[in-house]
Chemist: 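Structure below; questions to follow.
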Amino acid sequence: VSQHANLEITTHGSNWLFAVCAVMGTATLVFLGLAFTRPSSHRHFHYITAGITFVACIAYFAMGSNLGQTPIAVEFVRPFSSHVGAAGTREIFYVRYIDWFITTPLLLLDLLLTAGLPRSTILCTIFADLIMVVCGLVGALVRTRYKWGFWTFGTASFLFVVWQLLWDGRRHAAAHGGAIQKTYLSAGVLLIFVWFLYPVAWGLCEGGNVLHPDSEAIFYGVLDIVSKVGFGAVLLWGHRGIDPADLGL
Ligand code: RET
């Protein structure tokens, strides 16, 4: 029986993706280490944030090993061109969406708990966020231009999330004032700014097939580091001056 090493699993994939994996793993240890510098009643946000980077660490381990992806036939419809034709496949990293399904609700939980929002508002916002991620996954796996329908539904859900952060969230944080308001504003501005770049990246990569998968890896990698590690650092820094009891925790 001749052996063919063409199974395309567990081959060494990408040093860049492994580097992001290492960044996420290191951040997890640092966030956990910081948790133990605080009394156990003051560790909620450290644990949530460490959970986020731990999940990302696993997702990047999968992607670095060339796992968690599947080839999807590409239908080339270049902008400003009438050329339409099927041509080859693109590797779609569906494991990203499994990561986002777990971590984006936790990121929102971090921020919305900081604003002291009621449970019902937090649940509604997270529900819309989950719709957004599933739309992104389904759209990425669809070959035809119908994928843009899923992008549109996902973006509508995303705009609802942003609306909740800008209105209810900001109002609640402002009612608390002080360190709560300051932390909500700095982490919230960072979150909204970075999250808006994800549908753009999706449009250029999984959607429009404009960027090469190598560029996609760098684009999403930088976004993930800022939206998880950068956001987590800003949030935990702000929480030094916040008593969780003031947030009902
Ligand atoms: C998709 C496509 C559908 C439309 C929209 C999207 C937005 C995705 C976002 C992802 C955020 C991910 C984060 C990951 C953490 O590292 C699903 C790309 C709006 C906002 C913060």
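Bear in mind the structure is a predicted one, so any value in this text is a computation, not a measurement. In listed order, ligands and their atoms are each counted from 1.
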Chemist: Salt bridge check, R171 against D168: does any charged N sit closer than 4.0 Å to a carboxylate O?
Modeler: yes
Chemist: Out of F150, W202, W151, Y220, whose heavy atom is nearest to atom 18 (C) of ligand 1?
Modeler: W202
Chemist: I need the nearest protein heavy-atom contact for atom 19 (C) of ligand 1: residue, atom name and distance, please.
Modeler: F158 CB, 3.5 Å
Chemist: Run down the list W100, W195, W148, F196 and name the one with the heavy atom closest to atom 21 (C) of ligand 1.
Modeler: W195
Chemist: Under 4.0 Å from a heavy atom of G136: which atoms of ligand 1 are those, numbered in the order shown and with their elements?
Modeler: 2 (C), 17 (C)
Chemist: For A233, give me all partners under side chain to side chain contact (heavy atoms under 4.5 Å, CB included), at least two apart in sequence or on another chain.
Modeler: none
Chemist: Is it true that K228 and D110 make a salt bridge, defined as a side-chain N closer than 4.0 Å to a carboxylate O?
Modeler: no
Chemist: Taking N or O atoms only and a 3.5 Å limit, does T104 qualify as a polar contact for ligand 1?
Modeler: no
Chemist: If you count the atoms of ligand 1 from 1 in the order shown, which ones are under 4.0 Å from a heavy atom of P199?
Modeler: 5 (C), 7 (C), 19 (C)
Chemist: Measuring from atom 7 (C) of ligand 1, which candidate in M24, E206, M132, R96 has the nearest non-hydrogen atom?
Modeler: M132
Chemist: In Å and rounded to the nearest 0.5 Å, what is the CG to CH2 distance from L190 to W195?
Modeler: 11.0 Å
Chemist: Starting from atom 10 (C) of ligand 1, which protein heavy atom do you reach first, and at what distance in Å?
Modeler: Y198 CG, 3.4 Å
Chemist: When you measure from atom 16 (O) of ligand 1 to every protein heavy atom, which one gives the shortest distance, and what is it?
Modeler: K228 NZ, 2.6 Å
Chemist: Quick one: are the ring centres of Y220 and F93 less than 6.0 Å apart?
Modeler: no
Chemist: Would you give the length of the straight line joining atom NE2 of H46 to atom CZ of F36, rounded to the nearest 0.5 angstrom?
Modeler: 10.0 Å
Chemist: Please list all pairs meeting salt bridge (Lys or Arg N to Asp or Glu O under 4.0 Å) that have one or both residues in residues 232-246, counting only residues at least two apart or in different chains.
Modeler: none
